[in-house]
K.L.:
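Right, I'll just put the structure down here and ask away after.
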Amino acid sequence: MKSPASSVLRCEACGAQYAEIDPRTSCDCGGLLGVLHSAPSETGPALRARFALRRGSVSRQASDSSGVWRFQELVMPSARQMISHPEGNTPLLTAARVATYVGVRQLYLKHEGHNPTGSFKDRGMTVAITQAVRVGARAVGCASTGNTSASLAAYAAIGGLKAIVLVPEGHVALGKLAQTIAHGARTLAVRGDFDACLRLMREAQSALGVYLVNSVNPWRIEGQKTIVTELLEQLAWDPPDWIVLPAGNLGNTAAFGKALVEMRDLQLIDRLPRLAAVQAEGAAPFAASFAQGFARRHRVEPSTVASAIRIGDPASFDRAVAAIRSTDGVVISVPDEALLDAKATVDASGIGCEPASAASVAGARQLVRQGIVGPEQRVVAVLTGHLLKDPEVVLGYHRAGEGTAKLANPPVTIDPTLRALEQVVFSQ
Ligand code: F0G
């Protein structure tokens, strides 16, 4: 682009506006900030063609090889020096076994576990850390159930920034904690849940000048929108009937809704898919509000095996409500057993995902059973994180034995003899 396009930050509560390089990540009134971009010079097929051209180019700009930055007009049009891994360009998979399990003929799995740190967080983080460098942040920080912290740690290392992470003590999956430490973030285990970590991080933001990169940061949302842009491109811009995703702090739900409305306005798509946000039953304040027509905001004491979405007071609540309303969406919750069963099915199909990700598959199955999703409808379920993020849940499930877990595949110890091998493999 020749002339740099610009963006503004606008408060979603009071309408106050800030310049795009303002270091605030929320409004002075306490409201959430959203990003508004100046309109790109092209729309519809011409804009699609521009995205496609970048994808094929390896030499022109390093950022073209990123599945976030090749959609730059929709993300951060004025950025010039991106802190990129690169990220995105994740596969849209089919798996007959999982489709049968869900009960639909056409199921696609958008696998965000194929990102560099193994979750969708990298898409928002490349943008938030690019912005942190632009505003001259002295340090970046987040509260996290583990994936945001792993991603922050990696991107802060690439960008040369000091990183601070607050995680709920004892409730972070092993793989995520290992990544966060390995990439060099200062990691503090807080005696409290995710919601307590986020409250503390927000205090540190104003008192110590730490640039906050949780998904309340509007630039995180801009990056995460590209999950939807990319999956629609992969479907030749022919929208599915449903996009189903796990929901915790609700940043992703908000990002999906914003992406879809903007893409329709830019004539990239001609109709909106419906969003289905799926929570774990023990951490389902958003589903409880939806059941009451969003009459009031709920807060709960969270409890679920899916530690990534063990959140009782989601920060992006208001903008997620807007996303569900604008897409005629639904919000449901699934019990942990259904979630683990769905995960075991995805894992056994050779694809694999972390526990929270399986909420989308378990949720899609529940929606089919309730008659909300029809068996002939096209469904995309988003898998948000990689199987190796949470090895403890995998081993716990399979070692529990067939009585407890339907698809249990426990490892067996044998003596080093052919007879023992044969007995275990062929006669049981
Ligand atoms: N799936 C995974 C694997 C996650 O890590 C998260 C959130 C979600 C789904 C829910 O997304 O919060 O946008 O509704 N993880 C955050 C973290 C909270 O700290 O890594 P959301």
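Order of appearance sets the numbers: ligands from 1, and atoms from 1 within every ligand. In this text the structure is predicted, and so the values were computed from the model without any measurement.
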K.L.:
Between His111 and His386, how do the two ring planes meet: parallel, tilted or perpendicular, split at 30° and 60°?
P.N.:
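Geometry flag for His386 against His111: tilted rings.
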K.L.:
Sequence neighbours left out, what pairs pass ring-ring contact (aromatic ring centres under 6.0 Å, His included) with at least one residue falling in residues 266-288?
P.N.:
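Sorted pair list: Phe286-Phe294, Phe286-Phe317.
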K.L.:
Tell me which pairs pass ring-ring contact (aromatic ring centres under 6.0 Å, His included) where either residue lies in residues 195-251, with sequence neighbours left out.
P.N.:
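Every candidate ring-ring contact (aromatic ring centres under 6.0 Å, His included) pair involving residues 195-251 fails, so no pair, neighbours aside, qualifies.
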K.L.:
Can you find a heavy atom in the side chain of Asp195 that is under 4.5 Å from one in the side chain of Pro302?
P.N.:
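Yes, their side chains come closer than 4.5 Å.
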K.L.:
Among all residues two or more places apart in sequence or in another chain, which pass the salt bridge (Lys or Arg N to Asp or Glu O under 4.0 Å) test with Lys110?
P.N.:
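Residues passing salt bridge (Lys or Arg N to Asp or Glu O under 4.0 Å) with Lys110: Glu230.
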K.L.:
Check this for me, if you would: do Glu233 and Arg70 make a salt bridge, where the nitrogen-to-carboxylate-oxygen distance has to be below 4.0 angstrom?
P.N.:
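A salt bridge links Glu233 with Arg70.
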K.L.:
Between ligand 1 and the protein, give all atom pairs where both partners are nitrogen or oxygen and the distance is under 3.5 Å, as lines of names plus distance to 0.1 Å.
P.N.:
{"from": "ligand 1", "atom 1": "1 (N)", "to": "Thr384", "atom 2": "OG1", "distance (Å)": "2.7"}
{"from": "ligand 1", "atom 1": "5 (O)", "to": "Asn147", "atom 2": "ND2", "distance (Å)": "2.8"}
{"from": "ligand 1", "atom 1": "12 (O)", "to": "Asn249", "atom 2": "N", "distance (Å)": "2.8"}
{"from": "ligand 1", "atom 1": "13 (O)", "to": "Gly251", "atom 2": "N", "distance (Å)": "3.1"}
{"from": "ligand 1", "atom 1": "13 (O)", "to": "Asn252", "atom 2": "N", "distance (Å)": "2.8"}
{"from": "ligand 1", "atom 1": "14 (O)", "to": "Gly248", "atom 2": "N", "distance (Å)": "2.7"}
{"from": "ligand 1", "atom 1": "14 (O)", "to": "Asn249", "atom 2": "N", "distance (Å)": "3.2"}
{"from": "ligand 1", "atom 1": "14 (O)", "to": "Leu250", "atom 2": "N", "distance (Å)": "2.8"}
{"from": "ligand 1", "atom 1": "15 (N)", "to": "Lys121", "atom 2": "NZ", "distance (Å)": "3.0"}
{"from": "ligand 1", "atom 1": "19 (O)", "to": "Ser144", "atom 2": "OG", "distance (Å)": "2.7"}
{"from": "ligand 1", "atom 1": "19 (O)", "to": "Thr145", "atom 2": "N", "distance (Å)": "2.8"}
{"from": "ligand 1", "atom 1": "19 (O)", "to": "Thr145", "atom 2": "OG1", "distance (Å)": "3.4"}
{"from": "ligand 1", "atom 1": "19 (O)", "to": "Thr148", "atom 2": "OG1", "distance (Å)": "3.2"}
{"from": "ligand 1", "atom 1": "20 (O)", "to": "Ser144", "atom 2": "OG", "distance (Å)": "3.4"}
{"from": "ligand 1", "atom 1": "20 (O)", "to": "Asn147", "atom 2": "N", "distance (Å)": "3.1"}
{"from": "ligand 1", "atom 1": "20 (O)", "to": "Thr148", "atom 2": "N", "distance (Å)": "2.8"}
{"from": "ligand 1", "atom 1": "20 (O)", "to": "Thr148", "atom 2": "OG1", "distance (Å)": "3.0"}

